[in-house]
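First up is the structure itself, then whatever we jot down about it.
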Protein chains: 2
Amino acid sequence: MKIDTIFLLGAMALGMGPSAFGDPLPSWNDTASKKAIVAFVEKVTTPGSPEYVDPAERIATFDNDGCLWSEQPMYFQAFYILDRIKTLAPQHPEWKDKEPFSSVLKGDLKSALAGGEKALLEMAMATHAGLTDEEFRNVVGDWLATAKHPKTGMAYNAMVFQPMLELLAYLRAEGFKTFIVSGGGIDFLRVFAEKTYGIPPEQVVGSSIKAGYEVRNGKPVIVKLPEMNFIDDKEGKPVGIHQHIGRRPIFAAGNSDGDFQMLEWTTAGEGARFGLLVHHDDGDREFAYDRESHIGKLDRGLDEGPDRGWTIVSMKADWKSIYPDNAKP
Amino acid sequence: MKIDTIFLLGAMALGMGPSAFGDPLPSWNDTASKKAIVAFVEKVTTPGSPEYVDPAERIATFDNDGCLWSEQPMYFQAFYILDRIKTLAPQHPEWKDKEPFSSVLKGDLKSALAGGEKALLEMAMATHAGLTDEEFRNVVGDWLATAKHPKTGMAYNAMVFQPMLELLAYLRAEGFKTFIVSGGGIDFLRVFAEKTYGIPPEQVVGSSIKAGYEVRNGKPVIVKLPEMNFIDDKEGKPVGIHQHIGRRPIFAAGNSDGDFQMLEWTTAGEGARFGLLVHHDDGDREFAYDRESHIGKLDRGLDEGPDRGWTIVSMKADWKSIYPDNAKP
């Protein structure tokens, strides 16, 4: 146990939150968004407050793509899938004449992705299934360690939002349990979520394919199967939260209309609730997109969010920095 | 924060486990089973031990029926289902002529259950689906508060095993995260698991039916649907662990061959591992059954468990008491 942990435990024993030691959100400007977050956390964690929430019920859920890390020009998991198709192509001569694989191999991403979600799903299945969980973890880990984002040249898991890392840590220090609830693949996320976000595998909810258990030469393995299990997006998010977490969050953060139902479900509960939408309005430091975007479309959320009491975070106005200082290539 | 928690935190800061303050397993006799458990916990939690395990990896999974509470003469959830069929019968006149419902309504349980798992599943679906998650929680909670076990006259959730409650608390005090991994219904378990076992909803893995999300008169609800989602039994247990927890346990406890694969998966991992099977050999204080039982059959586990290094716990020899002292009716 480190000295600062002992200090923190001592401070907790005295009933002081970590915020007593300084600004818990140093990368957030002192605007209305930050004030709303801090006010919410204080009222649900202060004993005796009329809106006090028992620590067991302090569940916070975060979307990943576009909320905790960037998602342009396409979902980072899609880059993984495309790279993986190229790697596996020699073992799949039939892909040369089969869409969407042939377009990927010709470097024609636009045609490859023209089939929309269905094409992406087909490619995800072809590149995820058949591996044991251990093999999959290694393949994704190797990819993350070497692949670079086409625009920034940064590692994908370095393109995480510093203000959101601070928010996750702040909530945890105040007794919240933080979860990812993502449309992305649950096992893909689990490869880096613990190290990158401090979120352990058991607190990751995501889309998944089915899995099987078998004993191969005396060694038990979990194998990923080519069959869809669950799509954790839109109406799927409250369902995934129900199945996986089993209670309603009091805090939910997202950035697109795929998160609408998660925020709706969260903020419809009784007592104090917090809904947060990250608005990508900073084309200089990140990417600017919302109502018309093919990825991370935010339209209904911008229209209805403010009336529902949700906080719309402007990356441009509310955030001092985007990526961690040490993330630059 | 209570004084004893502050004391415990202080003790943890000094590197002392709670066992320093007395016997963590007072309801266990001082036999080989208890010694094996304590030796395992000490070697994986003692810093510097060659088999030390990082707290994040200290995952312990427990079966529920027959492992944390009794399961005879039939699964307690089956009693719930039968009671619920009787309650709902006036709204379902068609059940009078439809098996297995008609046998239930005639009080002929043997015929009702003759259809095996399929019949039980059909009844589970008919009595679980259609409710919102909130309605289901209330209905099960009301049932638990009033229903009595036919033999003991005790409330069902009082028929929990005191030695296992101590084991759960001991592991948690030593930095383990404890999970239920049950063939029973995940939402049924969640109604009482937190209060009864100290296991929060998000750490319950079980069988499930599908769920949907809808907005009814402006109010969002989760509705349980009449379609099977996942059966968390036998090979399903390692799969459920994979999907829900995302890492392999280092400790697993069960009592039947339905837990075989969970223990196999757990103990096949590298490093120190612990597999535990509760053997129901105490007909005086509980129920005696194993190889031939229609519920909780334990056959392969008895044959292969010892060679695999699993600890077979004799309820008769290893446990000083069965149910908590204050559980008597």
Side-chain angles (χ1 to χ4, degrees), chain A residues 1 5-7 9-10 12-15 47 56-57 59 133-134 177 179 186-187 189-190 193-194 200-205 208 210-215 218-225 229-230 234-248 261-262 264-269, chain B residues 1 3 5-7 9-10 12-15 47 56-57 59 133-134 177 179 186-187 189-190 193-194 200-205 208 210-215 218-224 229-230 234-248 261-262 264-269:
Chain A
M1 188 173 282
T5 314
I6 296 176
F7 182 58
L9 288 173
M12 284 166 64
L14 296 171
E57 298 287 342
I59 302 290
D133 68 329
E134 199 180 329
K177 215 170 196 178
F179 289 81
I186 187 168
D187 289 335
L189 285 154
R190 282 167 164 166
E194 189 158 34
E202 63 268 25
Q203 285 162 227
V204 177
V205 184
S208 57
K210 289 194 189 291
Y213 176 77
E214 29 177 291
V215 180
K219 193 192 167 200
V221 289
I222 296 284
V223 187
K224 294 172 80 66
L225 304 176
N229 182 50
F230 184 68
K234 303 188 177 77
E235 293 82 5
K237 290 207 173 191
V239 172
I241 288 169
H242 164 69
Q243 303 278 30
H244 202 110
I245 306 177
R247 54 183 150 203
R248 200 192 297 225
Q261 288 82 359
M262 173 167 76
E264 179 179 61
W265 173 240
T266 299
T267 58
Chain B
M1 187 172 281
I3 293 298
T5 314
I6 296 175
F7 183 56
L9 287 173
M12 283 166 68
L14 296 171
E57 299 288 342
I59 302 290
D133 68 328
E134 199 181 328
K177 216 170 194 176
F179 288 81
I186 187 168
D187 288 335
L189 285 154
R190 282 167 165 167
E194 189 158 35
E202 61 270 25
Q203 285 161 226
V204 176
V205 184
S208 57
K210 289 195 189 290
Y213 176 78
E214 30 178 288
V215 179
K219 191 191 168 202
V221 290
I222 295 284
V223 187
K224 296 172 78 67
N229 182 50
F230 184 68
K234 302 189 177 75
E235 294 82 6
K237 290 207 174 191
V239 172
I241 288 169
H242 164 69
Q243 303 279 31
H244 202 111
I245 306 178
R247 51 183 151 204
R248 200 192 296 224
Q261 287 82 358
M262 174 167 75
E264 179 179 59
W265 173 240
T266 299
T267 59

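Below, chains carry the letters A, B, ... as their sequence lines are ordered, and counting in each starts from 1.
Of the listed residues (B/R248, B/K177, B/E214), the greatest number of heavy-atom pairs within a distance under 4.5 Å of chain A belongs to B/K177. Counting heavy-atom pairs closer than 4.5 Å to chain B, the top residue among A/A268, A/P220, A/A211, A/P201 is A/P201. Comparing A/G269, A/G212, A/P200, A/P238 by how many heavy-atom pairs each has under 4.5 Å with chain B, the most go to A/P238.
For the pair A/F230 and B/Q243, the minimum side-chain heavy-atom distance is 4.5 Å or more.
For a residue to count as touching a neighbouring chain, one of its non-hydrogen atoms must lie under 4.5 Å from one of that chain's; by this rule A/I241 does not touch chain B. Interface remark: A/I245 contributes backbone and side-chain atoms alike to the contact with chain B (heavy atom separation under 4.5 Å). In this structure, the portion of B/I186 lying under 4.5 Å from any heavy atom of chain A is its side chain and not its backbone. For A/V223, no part lies near chain B; criterion is any non-hydrogen pair under 4.5 Å.
For the residue pair B/D187 and A/H242, the shortest heavy atom distance occurs at OD2-NE2, 3.1 Å.
Between A/Y213 and B/W265, the ring planes lie perpendicular to each other; the angle is over 60°, past the 30° to 60° tilted range.
When the shell of 6.0 Å around NZ of A/K210 is examined, it contains more than 12 heavy atoms from other residues, nucleotides or ligands.
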Checklist entry - What's the verdict on side chain to side chain contact (heavy atoms under 4.5 Å, CB included) for B/I59 and A/E202, showing C-alpha distance, side-chain angles and the deciding distance? => result CA-CA 10 Å; B/I59 302 290; A/E202 63 268 25; 4.2 Å; yes

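A salt bridge links A/E194 with B/R247: the distance from a Lys NZ or Arg NE/NH1/NH2 to an Asp or Glu carboxylate oxygen falls below 4.0 Å.
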